[in-house]
There are 2 protein chains.
Amino acid sequence: MIDTERLDATFHALSDPTRRAILARLAQEGDVAVMDLAEPFAMSQPAISKHLKVLEKAGLVSRGRDAQKRPVHLEAQPLAEATGWLIEYRKYWSAQFGRLDDLLDELQKLEEAAGRN
Amino acid sequence: MIDTERLDATFHALSDPTRRAILARLAQEGDVAVMDLAEPFAMSQPAISKHLKVLEKAGLVSRGRDAQKRPVHLEAQPLAEATGWLIEYRKYWSAQFGRLDDLLDELQKLEEAAGRN
DNA sequence: CCTATAAATAACTATATGGTTTTGTAACCA
DNA sequence: TGGTTACAAAACCATATAGTTATTTATAGG
């Protein structure tokens with residue numbers, strides 16, 4: 001996949017709150033089976049499987065095998081690439097953050113103030 | 001707009017290469033008129049106007065007025081928010097980057113190796 | 001006033017997306 | 001062998017997206 005298509009797929013995958021929630025859960029809990037992933041959502045199992053396909057196409061998750069289960073595994077490389085694209089713009093959102101770690105500190109304060117997503 | 005909708009709109013806006021190219025150009029050149037933005041693309045003016053509407057909905061650009069022109073201006077705040085979401089995952093893509101600035105150095109090496117997007 | 005320029009809007013088309021229900025399949029279990 | 005679990009695949013539907021061409025609106029200049 002060429003670079004731009006990978007970015008297309010990654011940003012598209014991240015544009016849906018269900019998919020972001022799935023990634024957040026995988027980050028917290030490690031590998032999770034499809035039924036377990038589907039449980040918190042008011043949505044059918046095939047709907048979740050479709051979301052997983054979108055994530056898989058972007059390379060954001062991979063699938064394993066454990067008996068009947070197909071555990072979903074977070075693959076964070078595309079997240080790094082997306083971050084790499086965004087990082088180019090850091091100087092535009094605030095000139096006062098010369099060092100990236102200062103920006104991170106600031107972002108974390110904002111997040112704490114706004115509550116988690 | 002609630003936080004999750006803003007992220008939806010931002011990531012969706014970033015999922016198209018034409019729109020990313022528009023943002024990149026605005027970052028490089030400052031405010032640009034619609035015709036000038038459209039020029040490099042094999043695409044009609046209304047198509048570009050539609051892309052601008054998507055970017056505007058996400059808060060990524062604002063519009064000015066200069067005679068008949070409606071200069072497009074980069075608004076980087078949503079990029080900061082998107083980066084904030086992604087930054088949460090930094091520890092997953094590589095444990096070796098304790099400090100964010102180290103990660104940035106590494107990303108820049110990768111970018112140089114891969115060519116620009 | 002008339003005309004030109006810049007851009008938005010409208011109307012239309014094809015394809016993609018996000019969901020559904022139903023059916024099929026692969027692996028375990030009694 | 002037969003049933004159950006976990007998931008994928010198929011078929012379908014409504015809406016959204018990304019593009020087109022044609023038209024309209026707003027501003028400027030002669």
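Every chain is numbered from 1, with letters handed out A, B, ... down the list of sequences.
- By the 6.0 Å contact criterion, CE on A:M35 is open, its count of non-hydrogen atoms from other residues, nucleotides or ligands being 12 or less.
- The phosphate of C:dG18 (OP1 or OP2) has no side-chain N or O of A:K53 nearer than 4.0 angstrom.
- Here the nucleotide nearest the side chain of B:H51, chosen from D:dA10, C:dA4, D:dG19, is D:dG19.
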CA sep, side-chain torsions, deciding dist, call: B:D31, B:H73, side chain to side chain contact (heavy atoms under 4.5 Å, CB included): CA-CA 5 Å; B:D31 297 8; B:H73 178 79; 2.7 Å; yes
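- Set against C:dT20, C:dA7, D:dC7, the side chain of A:V34 has D:dC7 as its closest nucleotide.
- Side-chain proximity of A:R19 to the nucleotides C:dT5, C:dG18, C:dT20 is greatest for C:dG18.
- For the pair B:R25 and B:D36, the salt-bridge criterion is not met [side-chain N within less than 4.0 Å of a carboxylate O].
- Contacts of B:A47 with the nucleic acid, taken as non-hydrogen atoms under 4.0 Å apart, include base atoms.
- At the phosphate of D:dC7, neither OP1 nor OP2 sits under 4.0 Å from any side-chain N or O atom of A:R65.
- Taking 3.5 Å as the limit, the base of D:dA6 and the side chain of A:Q45 contain no donor-acceptor pair of atoms between them.
- At a threshold of 4.0 angstrom between heavy atoms, the contacts of A:K50 include nucleobase atoms, whether or not backbone atoms are also involved.
- The side chain of A:S44 lies closest to C:dT21, out of C:dA7, C:dT21, D:dT5.
- Candidate nucleotides C:dT20, D:dA18, C:dA7 were compared by shortest atom distance to the side chain of A:M43, and C:dT20 ranks first.
- When distances run from any side-chain atom of A:A67 to the nucleotides C:dA4, C:dA7, C:dA27, the shortest one goes to C:dA27.
- Looking at which nucleotide of DNA chain C each of B:M35 and A:H12 is closest to, the 5′-most match is held by B:M35.
- No single ILVMFWY cluster, assembled from side-chain heavy atoms under 4.5 Å apart, contains both A:V54 and B:L7.
- Contact check, B:S49 against C:dA7: no side-chain N or O comes under 4.0 Å of OP1 or OP2.
- The distance from atom CD1 of B:I48 to atom P of D:dG19 is 8 Å, rounded to the nearest whole Å.
- Distances from the side chain of B:P46 to the nucleotides C:dT20, D:dT21, C:dA7 place D:dT21 closest.
- Classified by interplanar angle (parallel below 30°, tilted 30° to 60°, perpendicular above 60°), the ring pair B:F11/A:F11 is parallel.
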